[in-house]
There are 2 protein chains.
Amino acid sequence: MEAEQPDRSARDRVLDAAIRIVGESGAGRLTLEAVAEAAGISKGGLLYHFRSKEALLLGLLERHLAGFRERYTAELERRGGGQNARVQAYIQSVLAGDTLGLDHDGSLSLLAAVANDPALLVEVRRQVQDFYQEIGLTHPEPLRATRLMLAAEGLMLMDIFGISVLEPAQRQKLHEELLAEAGVLGGE
Amino acid sequence: MEAEQPDRSARDRVLDAAIRIVGESGAGRLTLEAVAEAAGISKGGLLYHFRSKEALLLGLLERHLAGFRERYTAELERRGGGQNARVQAYIQSVLAGDTLGLDHDGSLSLLAAVANDPALLVEVRRQVQDFYQEIGLTHPEPLRATRLMLAAEGLMLMDIFGISVLEPAQRQKLHEELLAEAGVLGGE
DNA sequence: GGTATAGTACCGTCCGGACGGTACAGGAGC
DNA sequence: GCTCCTGTACCGTCCGGACGGTACTATACC
């Protein structure tokens with residue numbers, strides 16, 4: 001979170017600020033002025049980096065998607081490939097990072113986009129669908145695989161809305177169970 | 001407190017209009033004027049029924065929560081009670097109604113609320129947590145039960161964002177599998 | 001029966017402020 | 001002196017909400 005590198009570029013700092021606002025005050029309070037202030041620059045400076053609010057929203061979405069793909073690819077490589085590894089990598093990527101943290105980066109990006117203009121989600125839709133197509137539906141046990149992936153998604157949803165349905169230890173156990181079960185699906 | 005008989009429909013028509021706007025144009029375009037127009041009344045008339053935007057949002061949330069509790073209670077009664085029946089009733093209530101429809105009534109209410117002011121979700125949080133507490137955590141197999149519930153939640157999430165990860169037939173099958181598996185959990 | 005009073009349901013207008021976006025004038029560093 | 005970046009000033013629009021008014025109904029008192 002801290003700026004150790006002199007260039008956690010201005011763009012990224014702006015996106016971070018935007019995420020912070022959405023999480024704390026709601027997507028409806030995501031105004032250019034508020035983002036600029038939270039990022040420590042002026043409105044003019046913000047508009048230099050993102051020419052419009054829509055561009056800012058798209059930036060948010062793009063960073064989220066890129067980050068997710070990156071996490072997924074890394075996880076998959078770590079697990080050596082295979083149908084079950086894909087399911088595991090997906091689950092791990094959805095639930096990645098914080099067990100209790102507040103960044104939910106990607107989900108808040110989605111929230112911001114859908115609140116301002118649902119049409120922005122076209123690309124997200126396409127990519128998520130691709131993931132499910134590639135991982136779930138080509139799996140020897142498509143429904144079981146999909147179910148595990150969706151459970152991870154549900155857990156993440158609860159995080160977005162700030163609902164802790166499980167205590168941290170239980171949550172961690174559920175997380176591990178999902179991964180474990182994905183590892184022993186039939187077909188491998 | 002809650003004694004309204006003469007104009008039950010006007011309030012509901014306003015709420016319906018609000019949901020329509022959120023679904024079609026995004027929560028960010030949910031303005032009092034737009035709602036009034038969509039509901040076929042004037043802005044003044046709208047403000048007679050809901051004294052502020054916050055009141056409108058709360059109305060949306062309240063109707064959703066009441067509807068969910070009602071569905072859940074009915075489903076539970078139909079299944080005769082018991083730990084597994086509770087899990088089934090919950091899953092059924094989450095995925096209730098349309099398989100492909102566009103109303104996602106409740107979820108859009110949540111979306112509208114979280115976009116305008118996350119603080120409104122306090123009550124929702126409390127109720128959802130109660131459900132998980134009552135159904136999942138007191139179940140003999142808490143993690144398995146929770147997992148099935150979360151999978152239903154994930155599937156619903158995909159609906160909100162308009163992502164069809166499964167074809168209707170497959171989706172239906174997954175829905176039934178979740179219910180079936182909830183029925184044969186240990187402890188009964 | 002007639003009139004006064006109160007309540008319900010709604011309408012149309014107005015305003016202060018916030019919003020997205022534009023224009024432009026710098027300034028640092030190459 | 002050009003590019004990259006920043007800050008200030010401003011514009012037109014839209015929003016939430018307040019307000020005053022209207023039409024109709026219901027009860028109340030005489």
Side-chain angles (χ1 to χ4, degrees), chain A residues 3 5-22 24-61 109 111-120, chain B residues 1-22 24-61 63 109 111-120:
Chain A
Q5 287 182 349
D7 257 335
R8 172 136 182 83
S9 67
R11 261 183 84 94
D12 269 330
R13 260 177 300 141
V14 168
L15 293 178
D16 291 342
I19 289 294
R20 225 176 307 136
I21 290 169
V22 175
E24 288 167 11
S25 314
R29 302 237 163 85
L30 186 78
T31 69
L32 295 183
E33 261 159 16
V35 173
E37 198 195 326
I41 61 171
S42 71
K43 194 175 161 184
L46 168 60
L47 280 162
Y48 171 78
H49 293 289
F50 298 95
R51 266 189 295 203
S52 69
K53 192 173 185 182
E54 193 187 339
L56 176 64
L57 260 3
L58 280 171
L60 240 25
L61 247 26
S109 299
L111 212 53
V114 85
N116 280 274
D117 183 5
L120 290 173
Chain B
M1 295 208 170
E2 210 166 312
E4 283 173 50
Q5 272 173 0
D7 69 299
R8 171 160 172 63
S9 62
R11 263 181 82 96
D12 271 329
R13 257 181 298 135
V14 168
L15 258 18
D16 290 342
I19 288 294
R20 225 178 307 136
I21 289 169
V22 175
E24 287 167 11
S25 315
R29 302 234 168 84
L30 186 77
T31 68
L32 295 184
E33 259 159 17
V35 174
E37 199 196 324
I41 61 172
S42 73
K43 197 171 160 184
L46 167 60
L47 280 163
Y48 171 79
H49 291 288
F50 297 95
R51 264 187 294 203
S52 69
K53 194 175 183 180
E54 193 188 334
L56 176 64
L57 260 3
L58 281 171
L60 240 24
L61 246 27
R63 189 173 70 161
S109 299
L111 212 53
V114 86
N116 281 273
D117 183 5
L120 291 173

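Here is how names work: the chains are called A, B, and so on, in the same order as the sequence lines, proteins then strands, and each is numbered from 1. Not measured: the values here are computed from a predicted model. Scope of the values below: all heavy atoms of this structure, side chains included, with no hydrogens, waters or symmetry mates.
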Specify the residue among Gly44(A) and Arg29(A) whose closest nucleotide of DNA chain C lies further upstream toward the 5′ end.
-> Arg29(A)
Indicate, with a heavy-atom threshold strictly under 4.0 Å, whether Leu30(B) touches base, sugar-phosphate, or nothing.
-> sugar-phosphate
Starting at atom CD of Glu37(B), determine the distance to atom P of dG12(C), rounded to an integer number of angstrom.
-> 12 Å
Please examine the side chains of Glu54(B) and Asp117(B), heavy atoms only from C-beta on, and report whether any two atoms are closer than 4.5 Å.
-> no
Value in whole Å for how far the C1' atom of dC10(C) lies from CZ of Phe50(B) | 15 Å
Looking at the side chain of Ser42(B), which of dG7(D), dG21(C), dG12(C) is the nearest nucleotide?
-> dG12(C)
Side-chain (Lys43(B)) to main-chain (Val35(B)) donor-acceptor, under 3.5 angstrom = no
With no hydrogens and no angle check, is any side-chain donor or acceptor of Lys53(A) less than 3.5 Å from a backbone partner on Leu30(A)?
-> yes
If you take atom types as modelled and just measure distance, does the side chain of Lys43(A) reach the base of dG20(C) with a donor-acceptor pair under 3.5 Å?
-> yes
More 5' along DNA chain D: Gly40(A) or Glu33(A), using each one's nearest nucleotide?
-> Gly40(A)
Think His49(B) has a side-chain N or O under 4.0 angstrom from the OP1 or OP2 of dC10(C)?
-> yes
With a non-hydrogen cut-off below 4.0 angstrom, is Leu47(B) in contact with a base, only sugar-phosphate, or nothing?
-> base
With the side chain counted from C-beta on, respond yes when Ile41(A) and Tyr48(A) share a heavy-atom pair under 4.5 Å apart, and no when they do not.
-> no
Do any side-chain nitrogens or oxygens of Tyr48(B) fall under 4.0 Å of OP1 or OP2 in dC10(C)?
-> no
